[in-house]
Amino acid sequence: MGGRGFSDPYITFTDKNVPNQRHAYFSFKQAEATMSFYWNTNDKLSSRFRVDVGVGYYDMLKAYYPGTRTTAAKTEVIENKISPVVTLHYTFAPDQNDIFGVKVRVFDAVVKAEGWLKLLELDGGHTFRFSGTVFSDPLGRTIREWENPMSVFFQIRYRYGF
């Protein structure tokens with residue numbers, strides 16, 4: 001967490017080279033521009049594909065907290081990254097009824113894979129899905145201090161509408 005003033009960050013790191021100093025990471029700008037391409041595998045429209053191709057951007061700032069300070073004494077931009085982004089989506093929808101889907105995305109050398117399965121659909125467009133997401137370790141580069149190693153999480157998602 002933490003605000004634009006770099007005060008009270010939720011997570012800080014101990015600086016091994018400078019005694020009695022902590023640091024934290026902040027990102028304030030993210031953007032993505034993609035073009036999408038759609039296709040179906042049959043005339044019943046039961047297998048749907050989409051590919052998003054484009055570029056993404058983010059910044060990363062490092063704030064330094066000497067001693068017991070809760071506001072930053074100094075900040076520096078350590079990353080201004082523009083990277084290609086490619087995402088492949090697949091949805092299985094027999095009889096125009098979405099049953100499950102998967103998505104694989106590559107951005108900044110990290111693969112993010114998601115999958116979902118419909119659990120329950122109620123009248124009026126109310127849907128409950130079970131989903132899981134896996135983030136890989138970076139491919140072809142070392143993991144940065146602010147990144148998590150391979151991560152997995154699961155959730156029950158409620159959707160209303162389309």
Side-chain angles (χ1 to χ4, degrees), residues 1-17 22-42 45-65 72 74-93 97-119 125 127-162:
M1 299 292 297
R4 182 69 174 160
F6 305 99
S7 62
D8 295 318
Y10 184 69
I11 296 174
T12 59
F13 300 87
T14 303
D15 196 327
K16 297 176 181 112
N17 298 326
R22 299 170 295 121
H23 59 275
Y25 296 98
F26 295 82
S27 179
F28 294 107
K29 298 176 191 158
Q30 301 90 34
E32 182 177 303
T34 59
M35 292 182 61
S36 298
F37 303 92
Y38 299 85
W39 73 95
N40 297 300
T41 60
N42 58 33
L45 308 177
S46 61
S47 290
R48 304 173 188 158
F49 284 94
R50 181 177 105 203
V51 172
D52 301 329
V53 179
V55 295
Y57 164 83
Y58 69 93
D59 68 348
M60 190 61 62
L61 291 86
K62 188 174 184 179
Y64 297 91
Y65 303 88
K74 178 177 94 168
T75 61
E76 65 178 318
V77 176
I78 58 169
E79 192 85 49
N80 264 327
K81 184 76 170 186
I82 296 175
S83 182
V85 59
V86 177
T87 309
L88 174 65
H89 303 258
Y90 171 76
T91 303
F92 180 65
N97 183 14
D98 295 356
I99 302 295
F100 72 85
V102 293
K103 174 171 85 170
V104 177
R105 172 188 168 94
V106 179
F107 174 69
D108 193 21
V110 175
V111 177
K112 176 184 175 184
E114 296 182 54
W116 61 266
L117 175 67
K118 183 191 300 183
L119 297 175
T127 306
F128 292 88
R129 293 178 173 178
F130 173 76
S131 67
T133 305
V134 176
F135 291 89
S136 75
D137 287 341
L139 306 171
R141 67 168 173 82
T142 59
I143 193 165
R144 297 177 184 123
E145 186 177 34
W146 64 83
E147 294 178 313
N148 288 330
M150 183 177 166
S151 304
V152 177
F153 70 89
F154 299 98
Q155 62 185 339
I156 302 289
R157 182 174 287 176
Y158 166 75
R159 293 174 45 106
Y160 175 72
F162 297 108

Participant: My understanding is that only residues two or more places apart in sequence, or in another chain, count here; which of them pass side chain to side chain contact (heavy atoms under 4.5 Å, CB included) with Asn97?
Facilitator: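 By the side chain to side chain contact (heavy atoms under 4.5 Å, CB included) rule, Asn97 matches Ile99, Lys118, Glu121.
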Participant: Is the backbone of Asp59 close enough, under 3.5 Å, to the side chain of Asn80 for a donor and an acceptor to pair up by distance?
Facilitator: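 Checking the backbone N and O of Asp59 against the side chain of Asn80, no donor-acceptor pair under 3.5 Å is found.
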Participant: For Phe26, which of Tyr10, Tyr64, Phe6 qualifies under ring pair (Phe, Tyr, Trp, His ring centres under 6.0 Å)?
Facilitator: Phe6
Participant: Which heavy atom in Tyr65 sits nearest to a heavy atom in Ala72, and how many Å separate them?
Facilitator: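 Taking every non-hydrogen atom into account, CE2-N, 3.3 Å.
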Participant: For Tyr90, enumerate each residue passing the ring-ring contact (aromatic ring centres under 6.0 Å, His included) test, keeping only those at least two apart in sequence or located in another chain.
Facilitator: Phe49
Participant: Looking only at heavy atoms, what is the nearest atom pair of Ala24 and Ile11, with distance?
Facilitator: CB-O, 3.6 Å
Participant: Does the side-chain contact (heavy atoms from CB on, under 4.5 Å) test come out yes or no for Tyr57 and Lys29, once each step is laid out?
Facilitator: CA-CA 8 Å; Tyr57 164 83; Lys29 298 176 191 158; 3.8 Å; yes
Participant: If you measure from NE2 on His89 to CZ on Arg50, what distance do you get to the nearest 0.5 Å?
Facilitator: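 CZ of Arg50 is found 3.5 Å from NE2 of His89.
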Participant: Enumerate donor-acceptor pairs with a distance under 3.5 Å from any side-chain N or O in residues 102-109 to protein atoms, sequence neighbours excluded.
Facilitator:
unit_1, atom_1, unit_2, atom_2, d
Lys103, NZ, Glu114, OE2, 3.2
Arg105, NH1, Glu32, OE1, 3.1
Arg105, NH2, Glu32, OE1, 2.8
Asp108, OD2, Tyr58, OH, 2.7
Asp108, OD2, Arg141, NH2, 3.4
Asp108, OD2, Arg144, NH1, 2.7

Participant: Would one find more than 12 heavy atoms of other residues, nucleotides or ligands at under 6.0 Å from atom CD1 of Ile156?
Facilitator: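 Count over threshold, so yes.
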Participant: Quick one: ring-ring contact (aromatic ring centres under 6.0 Å, His included) partners of His23, sequence neighbours excluded?
Facilitator: Phe13, Tyr25
Participant: How far apart are the closest heavy atoms of Gly132 and Phe154, and which atoms are they?
Facilitator: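 The answer is CA-CD2, 3.8 Å.
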Participant: Please round to the nearest 0.5 Å and tell me the distance separating atom CG of Leu117 and atom CZ of Phe130.
Facilitator: 8.5 Å
Participant: Please step through side-chain contact (heavy atoms from CB on, under 4.5 Å) for the pair Asp137 and Met150, ending with a clear verdict.
Facilitator: CA-CA 5 Å; Asp137 287 341; Met150 183 177 166; 3.7 Å; yes
Participant: Looking at Thr12 and Pro9, what are the two nearest heavy atoms and their distance?
Facilitator: CG2-CG, 3.5 Å
Participant: First locate atom OG1 of Thr14, then atom CZ of Arg22, and finally report the distance between them rounded to the nearest 0.5 Å.
Facilitator: 8.0 Å
Participant: Should Thr91 and Trp116 count as side-chain neighbours, where that means a heavy-atom distance under 4.5 Å?
Facilitator: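 Yes - at least one pair of side-chain heavy atoms lies under 4.5 Å apart.
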Participant: With sequence neighbours excluded, what pairs up with Tyr158 under the ring-ring contact (aromatic ring centres under 6.0 Å, His included) test?
Facilitator: His126, Phe128
Participant: Can you name the nearest heavy-atom pair linking Ser136 to Val110, along with the distance?
Facilitator: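 Nearest heavy atoms, Ser136 then Val110: O-CG1, 3.5 Å.
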Participant: Can you tell me how far apart NZ (Lys62) and OG1 (Thr75) are? Round to the nearest 0.5 Å.
Facilitator: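 Nearest 0.5 Å value for the NZ-OG1 distance: 12.0 Å.
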Participant: Less than 4.5 Å apart, any side-chain heavy atom of Thr87 and any of Thr34?
Facilitator: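 Thr87 vs Thr34: side chains apart.
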Participant: If you look only at pairs with a residue in residues 148-157, which of them pass as a side chain to side chain donor-acceptor pair (under 3.5 Å), with sequence neighbours excluded?
Facilitator: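 Checked against side chain to side chain donor-acceptor pair (under 3.5 Å) - neighbours excluded - the pairs reaching residues 148-157 are Ser131-Gln155.
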